[in-house]
Amino acid sequence: MHAKLAAWVDEMARLCGPDRVEWLDGSEAEKERLEAQAVASGELIRLDHARLPGCLYHRSAANDVSRTEHLTYVCTRSRDDAGPTNNWMPPEEGYRKAGAIFRGSMKGRVMYVIPFSMGAVGSPFAKIGVQLTDSLYVALSMRIMTRMGRAVLDRLGAAGEFTRCLHGKADLDAERRIIVHFPEDNAIWSVGSGYGGNALLGKKCLALRIASHLARREGWLAEHMLILGVEDPQGRVEYITGAFPSACGKTNLAMLTPPEAYRAKGYKVWTVGDDIAWLRIGPDGRLWAVNPEAGFFGVAPGTDSRSNPNALATLQRDAIFTNTLLADDGTVWWEGGNGPAPRKGLDWRGQPWRPGLLDDDGKPVLGAHPNSRFTAAARQCPCISPRWEDPQGVPISAVLFGGRRERLAPLVCEAFDWNHGVYLGATVASERTAAQVGTIGEVRRDPMAMLPFCGYNMGDYFAHWLEMGRRIPKPPKIFHVNWFRKDAGGKFLWPGFGENFRVLDWILARCRGQGGARETAIGLLPESGALDLAGLELSQGVLERLLEVRREEWVEELAGHKAFFDRFGGRIPAELWRQHEALAQRLGATAAAR
Ligand code: OXD
Ligand code: MN
């Protein structure tokens, strides 16, 4: 027995006051028992067994449907170590504030103890956490999203290191909700929310915020990135990682189906991960990546057999659906999903719903919340890579950064070198989506898609990226992509989805020293004819607009880069300012004085 673990569980149980403490072993029998309890209490609803075998439905509190970044804190001793992009409070205050809400909050409930591993158990990349929670929904979701149970405890042994993760629903009151991270103590406390990103502590809290801190200390990278493999007709597989802000199509890209013409030639995409990558320098001098998760927590609306047939196949059994529409026949549905809306059902709030329903202002009432989710095991995905659990990971040829930009950023752009690539990543911006609380559509800087997830000062994070570049003997190439450029009428210029494969194809050709490119002020863009567009009927002039670099827009953008960097005081590495000045020079503009 791990004495420190036992003592910590006791201490937390004294704080939270559950009726009972139950250690979870991860067995099938345990799963069935917990599901039956959750169904009996109404926390989960069983879906139609014939059509969705083993699937469950959950409705969260109406005020608890997305990550609450304004209630999420990084508690380091020095405020500067959290940096200007994180909410901060001193560790003592974090423990006191959250502790006051936790105190006695589990009375009448069970506290589940969930030992879990991020990364295959025993992989050199893996990190262990132990989550305490009073939510059966969370316990059952952790079972899908992580490797958990007895094998992890065995691995931990009598004295292994682990992240202490305390979670409680308390009364789900938004006024009494807080998610506090203590990177210097390797601990996370989250109270008052049952929403995935706030409550499944292995994901954003451990695998990104805490892990990014550990990664800097230990010389690796913890990133908000998908990992995919592209197999060519000769059977060679090359791997790509990609960082995109929440709800920008990461899951769809990770599970992409190539266009018919490519499939006929023998191309295929393999999914390694859809949200998080941990990257280390391998013995061969390349960068290697693992997906630390075991499942997908994907956005349901917009997922259909055109956008992502592989996700649809993944969630046909043993999945948990959260805040979708619950149809009368015991199935689920969401806007932008397959087939017509069911004639009747209950919406994500539990209210009677039918197609065409309007609210008092005459606006359509959604059946599913825009951030409704599915949780399903990665191994159920038809295109899951045979190497997805390889303890050594997969070697990375290209790193993509992208955001959702209606204008400005071209379809694809290759960085001149690693440091320029870090600049491309550091200046990513995106329009806000439903995965975060806030005004949808507003453009915000989201460097490397890590703005809400970097557990330390982002100035130091950029320095760490630059330092990694100096240490990787054979670094991957870095690219910026934008699938979301629109025309003057607000229509997307690029079809996206499976057609994005054409861009990946050019990217991988570039990584092999092939594929034509032309130099522009912002980076290398495909030269005329270099993107294979055969069979894609793009209208006249569309490709030119997709690859257009408008000087006046970029000069305006430069000021946005500077304003963002200025927020960090002196903590932005000099190399990024050099990149900024070099870009200004290439644009024929002067960079505003620092
Ligand atoms: C997610 C997110 O849930 O980024 O993956 O919000
Ligand atoms: Mn994410």
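Counting starts at 1 for both ligands and their atoms, in listed order. Heads up: numbering here begins at 1 and tracks the sequence.
Atoms of ligand 1 found under 4.0 Å from any heavy atom of H224 (numbered from 1 in listed order, with element): 4 (O). Each of the atoms 5 (O) of ligand 1 lies under 4.0 Å from some heavy atom of D275. Contact atoms of ligand 1 toward S246: 2 (C), 4 (O), 6 (O) (distance under 4.0 Å to a heavy atom of the residue). For ligand 1, the atoms sitting less than 4.0 Å from at least one non-hydrogen atom of K204 are 1 (C), 2 (C), 3 (O), 4 (O), 5 (O), numbered in the order shown with element in parentheses. Contact atoms of ligand 1 toward R373: 1 (C), 3 (O), 6 (O) (distance under 4.0 Å to a heavy atom of the residue). Under a 4.0 Å criterion applied to the non-hydrogen atoms of R67, ligand 1 contributes the atoms 2 (C), 4 (O), 6 (O).
Closest of all the heavy-atom pairs between V332 and Y57 is CG1-CD1, 3.9 Å. Between A377 and I144, the closest heavy-atom pair is N-CG2, 3.4 Å.
A salt bridge between E431 and R407 is absent, with no side-chain N of the basic residue lying under 4.0 Å from a carboxylate O of the acidic one.
Partner of M89 under the side chain to side chain contact (heavy atoms under 4.5 Å, CB included) criterion, chosen from I178, V74, T76: I178.
Taking the ring centroids of W418 and W465, they lie under the 6.0 Å cut-off.
Our summary of the site lists the angle at the Mn ion (ligand 2) between OD1 of D275 and NZ of K204 as 100°, to the nearest 10 degrees.
Considering backbone and side-chain N/O atoms, K203 never comes within less than 3.5 Å of an N/O atom of ligand 1. Geometrically, ligand 1 and Y195 share no nitrogen or oxygen pair separated by less than 3.5 Å.
Ring orientation note: the planes of W483 and F244 are close to parallel, at an angle under 30° on the 30°/60° scale. The aromatic rings of Y456 and H213 sit perpendicular to each other, their planes meeting at more than 60°, with 30° as the lower class boundary.
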